[in-house]
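A quick note: this is a predicted structure, and the numbers were derived from the prediction, not measured.
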Amino acid sequence: MQPVLAAALAAMLAVALACGSGARPSPAPAPTPPLRLGHVDLVVFAPHPDDEAIGAGGVLQQAVAAGRRVLVVFATNGDGYPDAAAALFDEAAAALRPADYLRLAAERQREAIAADRALGVGPSSLVFLGYPDGALAGLPASAAAAPLRSPATGLTATYGIARPDYHTLAHGRPAPYDRAAALGDVEEVLAASWPAQVYAPDPADQHPDHWATYGLVHDAIAATGWNGAVRTFVAHSGARFEWPWPHGSTPGAAFAEHVVAGAAYPAGVPWPPPVRVRLTPVQSAAKLRALAAHRSQWALPLTRLYMASFVKSEEVFWTPTSSAGPG
Ligand SMILES: [Zn+2]
């Protein structure tokens, strides 16, 4: 880690935010814990801040309680969600500017820190890769092409605000928005942490950022030769929140397949799922608190209902074969 560079980056971004948001001062960045990427027992790859709690909030609690070391890796800062930014800053979505999306990123990083603390996971166990929300599947293949420009933030390279991005911490400079760079970061994190288990979105997840995150994890596994156990979770299936069902928190109920007009959800994965992890009522309650700590999401009524639907008496996972690809 290069603390001077990290501090300079944080100061630069704070100035950019202050300039872009009128008279409102930006809060001082939280102190950055040192980057300590050593061996851990379990890694959760989350496309956005909140997916770690949605997919594996119970598993993370159980791992921490058992004394196991965990790492949560966020592929994006969740900085491309207009509804969340509009609600958070009380602006019309059409009026949002890049500075607003950067403020959303800062807020979502802080929310992730608070949420994961509710799961027993401290800030030093969180890694933010800082790739663009909503655009992971569209990254150009390599640095030979111009990097992608995030339509939300206008940035072309990784960044963090409340917490610097991984590449800046590890290499002293951000990584361009291309797939080779993203894959390189995932490979480095996997090689350094070398966990027994990896949790990631399932390739059948219908959100492009989610199956694209699986694709990065899949390719990083192939490149590093890592041979631990992969468990996947489905966060998005169906265009109308068909999964999970019923909507809202039902901590006493197991996940169930949901059939709508002859189509079964979650789609593209077998039912019953091969791995079912029971949660205690206390763990389900802490998972709910962690989800609610992602306040920018929780503030949106439909999103809140959807997120709460993952609070059940268990968490369910699939085990894709090593040859499975994304999509
Ligand atoms: Zn997500």
Next on the checklist: Is a donor from one side chain sitting under 3.5 angstrom from an acceptor on the other, for H210 and D205?
Outcome noted: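 There is such a pair between these side chains.
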Item to check | Y159 side chain to S150 side chain, donor-acceptor N/O pair below 3.5 angstrom | outcome: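 No.
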Taking atom [atom1] of [X] and atom [atom2] of [Y], what is their separation to the nearest 0.5 Å?
{"X": "N77", "Y": "Y131", "atom1": "CG", "atom2": "OH", "answer": "11.5 Å"}
{"X": "L155", "Y": "Y177", "atom1": "CG", "atom2": "OH", "answer": "5.5 Å"}
{"X": "R304", "Y": "W298", "atom1": "CZ", "atom2": "CH2", "answer": "7.0 Å"}
{"X": "S309", "Y": "E242", "atom1": "OG", "atom2": "CD", "answer": "11.5 Å"}
{"X": "Y199", "Y": "L71", "atom1": "OH", "atom2": "CG", "answer": "14.5 Å"}
{"X": "Y306", "Y": "L291", "atom1": "OH", "atom2": "CG", "answer": "10.0 Å"}

Close side-chain approach of [X] and [Y], heavy atoms under 4.5 Å:
{"X": "H171", "Y": "E188", "result": "yes"}
{"X": "D133", "Y": "P47", "result": "no"}
{"X": "S313", "Y": "R278", "result": "yes"}
{"X": "Q283", "Y": "E315", "result": "no"}
{"X": "V73", "Y": "V186", "result": "no"}

Checklist entry - Between W271 and W318, how do the two ring planes meet: parallel, tilted or perpendicular, split at 30° and 60°? => result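 Tilted.
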Next on the checklist: Is it the case that over 12 heavy atoms from other parts of the model lie below 6.0 angstrom from the CZ atom of R295?
Outcome noted: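 No, CZ of R295 has 12 or fewer neighbouring heavy atoms, counting only those of other groups under 6.0 Å.
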Next on the checklist: Holding to ring-ring contact (aromatic ring centres under 6.0 Å, His included), I want the full list of residues that pass it with H247, two or more places apart in sequence or in another chain.
Outcome noted: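 H247 satisfies ring-ring contact (aromatic ring centres under 6.0 Å, His included) with W245 only.
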